[in-house]
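These notes are about the structure you will find just below.
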There are 2 protein chains.
Amino acid sequence: MRTFLEVSSSGSFQASAEKLHVTQSTVSARIKALEEQLNQALIIRKRNGCELTTAGRLFHKHAVAAVQAWERARQEIALPDDMTGVFSFGIQMNHWDYIAPKWLDIMWKTEPSIATRVISDYSDPLMVQLRDGHIDMAILYRPIHQPNIHIEQLLDDKLILVSTEPRTLEMGRVDGYVFVDWGDEFRAQHNLAFPKAYIPKISFGAATIALNHILKNGGSGYFIEGFIKHFLEDETLFLVGNSPTFHRPTYLGYPTTAIDSRLHKAAIRALRKIIN
Amino acid sequence: MRTFLEVSSSGSFQASAEKLHVTQSTVSARIKALEEQLNQALIIRKRNGCELTTAGRLFHKHAVAAVQAWERARQEIALPDDMTGVFSFGIQMNHWDYIAPKWLDIMWKTEPSIATRVISDYSDPLMVQLRDGHIDMAILYRPIHQPNIHIEQLLDDKLILVSTEPRTLEMGRVDGYVFVDWGDEFRAQHNLAFPKAYIPKISFGAATIALNHILKNGGSGYFIEGFIKHFLEDETLFLVGNSPTFHRPTYLGYPTTAIDSRLHKAAIRALRKIIN
DNA sequence: ATGGATGTATCGCTATTTTCGATAGGCGTT
DNA sequence: AACGCCTATCGAAAATAGCGATACATCCAT
């Protein structure tokens with residue numbers, strides 16, 4: 001089918017042969033074999049090149065579909081030669097920058113022959129992928145308990161309000177406040193703590209972008225304590241006095257069947273090392 | 001990929017081997033080859049059968065896509081052994097019953113080694129398929145002139161109002177009138193000829209269904225004269241006196257490149273034979 | 001423990017298929 | 001008529017797929 005597509009786009013057996021690094025007779029034989037399997041002429045051979053028959057044009061889209069399916073499969077799951085396996089780790093959006101780089105680093109060192117895929121998404125789609133066995137492990141905010149999926153609390157993130165300038169909550173509202181969307185629960189708590197009328201000008205779905213924004217333009221917002229610890233230490237950011245602190249527990253999920261796989265153990269160990 | 005799918009659904013190499021009518025060692029080799037191409041384990045062999053790895057589960061949907069693409073292609077274009085080609089003929093919905101059976105009959109006799117596909121659709125989609133070279137010829141109500149597509153008038157259908165009972169238009173409206181939708185132009189003419197307020201209770205997109213309806217339940221409607229000629233002759237249907245007659249030209253379209261193909265000539269000859 | 005049942009991996013051999021290289025043949029151009 | 005540009009075909013070589021037998025691992029019942 002790949003050869004057919006090549007011929008149909010180049011309009012020549014010879015050109016296709018070169019592109020595919022085979023001889024022209026091979027191309028001829030391949031097309032012939034395809035036509036025999038379908039018992040149907042696909043290509044009209046002409047004096048100067050060739051063109052598709054009606055059947056060939058109909059066949060074209062299916063050939064594309066089949067070739068693409070294979071290419072996508074390769075893309076998605078094929079491994080480099082020196083790797084013996086993959087570990088797929090789903091991370092709730094806002095934890096990506098906070099956890100993934102360090103985790104990758106440790107995995108790379110402790111399991112050099114294992115390729116790692118980090119999938120960044122929201123809790124719900126990650127849960128689905130976990131259930132369907134498309135990822136091996138996931139960090140989630142909103143786990144759904146399901147048979148065969150083991151859920152455990154990983155940590156209890158503290159969300160604190162920080163600002164690029166030292167101030168307290170009493171000093172009144174500032175222009176630079178950005179709302180970082182840490183999910184349903186946070187939104188609810190946030191609404192309780194702050195007057196409803198207060199709708200921030202800027203809101204971010206991704207914490208890293210929000211952080212970059214206030215670092216560049218000044219402002220304030222809620223971030224995970226551990227994530228911005230060093231900004232507080234070097235006084236790039238300041239804790240806003242008397243501001244409420246929110247908690248959000250974070251969970252780790254993986255298939256129960258994987259509990260005693262060596263790889264899972266290594267992956268979890270790497271995670272715990274980062275957290276502590 | 002087919003073998004992979006079989007294994008993933010049966011959960012056993014042996015069972016798959018039987019279903020696919022090969023030996024177990026073949027199944028083993030096939031899966032091994034697939035895994036080697038992707039450089040990735042897809043199936044965990046266990047004491048009692050086997051199950052998919054994470055990569056295997058990811059691969060599954062692509063395997064389905066690829067296999068389906070091939071199956072669909074076969075479905076759509078593969079030919080029985082004794083056929084040497086296909087002729088695809090698109091017919092505007094409402095001409096199906098009127099023309100297709102007779103045309104198929106003639107083609108079957110004059111070109112016994114050519115399989116025929118009759119595609120029934122509305123003018124616009126047929127025009128698209130004609131342009132894309134997915135059909136070889138089409139009967140259209142509303143042709144769009146395009147380069148490389150030859151359009152010629154095939155006939156000039158006369159739409160007449162017939163009823164299951166002898167009557168004239170002056171006898172007033174009857175309950176049994178069904179509106180047969182012969183397309184935009186007919187709708188416009190129909191609206192002009194009949195008061196706008198008159199909205200029929202029943203309308204049909206397909207003439208045959210409409211015809212069957214009035215033959216069974218009584219009533220009246222517009223039909224192609226040639227199509228119902230014999231009903232008038234045997235007095236099953238009667239021409240409604242003083243009713244307006246509408247005309248709708250019908251066109252034949254085919255790629256200009258096909259003008260002197262033997263098959264096209266035969267197909268057109270068959271058509272003309274039916275019309276006269 | 002032991003033997004049997006069940007399940008997959010592997011090996012050697014054969015048949016089939018694929019590919020190549022060379023050659024033949026069709027068609028249009030010069 | 002010769003040449004260039006196509007594709008088809010043929011025989012030989014190489015690669016691959018499939019089979020059958022056997023090996024090997026594990027579970028289960030005795």
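Within every chain, numbering begins at 1; the chains are lettered A, B, ... in the order of the sequence lines, protein sequences first and strands thereafter. Every value quoted in this text rests on a predicted model; they were computed, and no experiment measured them.
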Rounded interatomic separation in angstrom, taking CD from B:Gln14 and C1' from C:dA9: 12 Å
Keeping the roles fixed (side chain from B:Ser123, backbone from B:Tyr141), state whether a donor-acceptor pair exists under 3.5 Å. yes
To the nearest Å, how far apart are A:Ile43 CD1 and D:dA8 C1'? 14 Å
May I have the distance from A:Phe13 (atom CZ) to C:dG25 (atom P), rounded to whole angstrom? 20 Å
Calculate the interatomic distance between B:Glu36 atom CD and D:dT16 atom P; express it in whole Å. 11 Å
How many Å lie between CD1 on A:Ile31 and C1' on D:dC6, as a whole number? 15 Å
Counting distance only, does the side-chain N/O of B:Arg45 pair as donor-acceptor with the main-chain N or O of B:Cys50 below 3.5 Å? no
Without decimals, in angstroms, what is the distance between B:Ile44 CD1 and C:dG7 P? 18 Å
Taking every heavy atom of B:Leu126 against every heavy atom of B:Ile91, the minimum-distance pair comes out as CD1-C, 3.6 Å
Test side chain to side chain donor-acceptor pair (under 3.5 Å) on A:Ser10 and A:Ser16; report intermediate values, then the result. CA-CA 7 Å; A:Ser10 73; A:Ser16 304; 2.9 Å; yes
Any side-chain N or O of B:Arg45 under 4.0 Å from OP1/OP2 of C:dA9? yes
Give the rounded distance in Å between these two atoms: CD of B:Glu18 and C1' of C:dG7. 12 Å
Protein-nucleotide distance (B:Gln37, atom CD; D:dA17, atom C1'), rounded to Å: 14 Å
Establish, with yes or no, whether the OP1 or OP2 oxygen of C:dT8 is under 4.0 angstrom from a side-chain nitrogen or oxygen of B:Lys32. no
For the side chain of A:Arg2 and the backbone of A:Val67, is there at least one donor-acceptor N/O pair under 3.5 Å apart? no
Taking atom types as modelled, find out whether A:Thr23 and A:Thr26 have a side-chain donor-acceptor pair closer than 3.5 angstrom. yes
N/O-N/O pairs, protein side and nucleotides 18-24 of chain D side, under 3.5 Å:
residue : atom : partner : partner atom : Å
D:dG18  : OP1  : B:Arg30 : NH2          : 2.8
D:dG18  : OP2  : B:Arg30 : NE           : 3.1
D:dC19  : OP2  : B:Thr23 : N            : 2.9
D:dC19  : OP2  : B:Thr23 : OG1          : 3.2
D:dC19  : OP2  : B:Thr26 : OG1          : 2.7
D:dG20  : O6   : B:Ser25 : OG           : 3.3

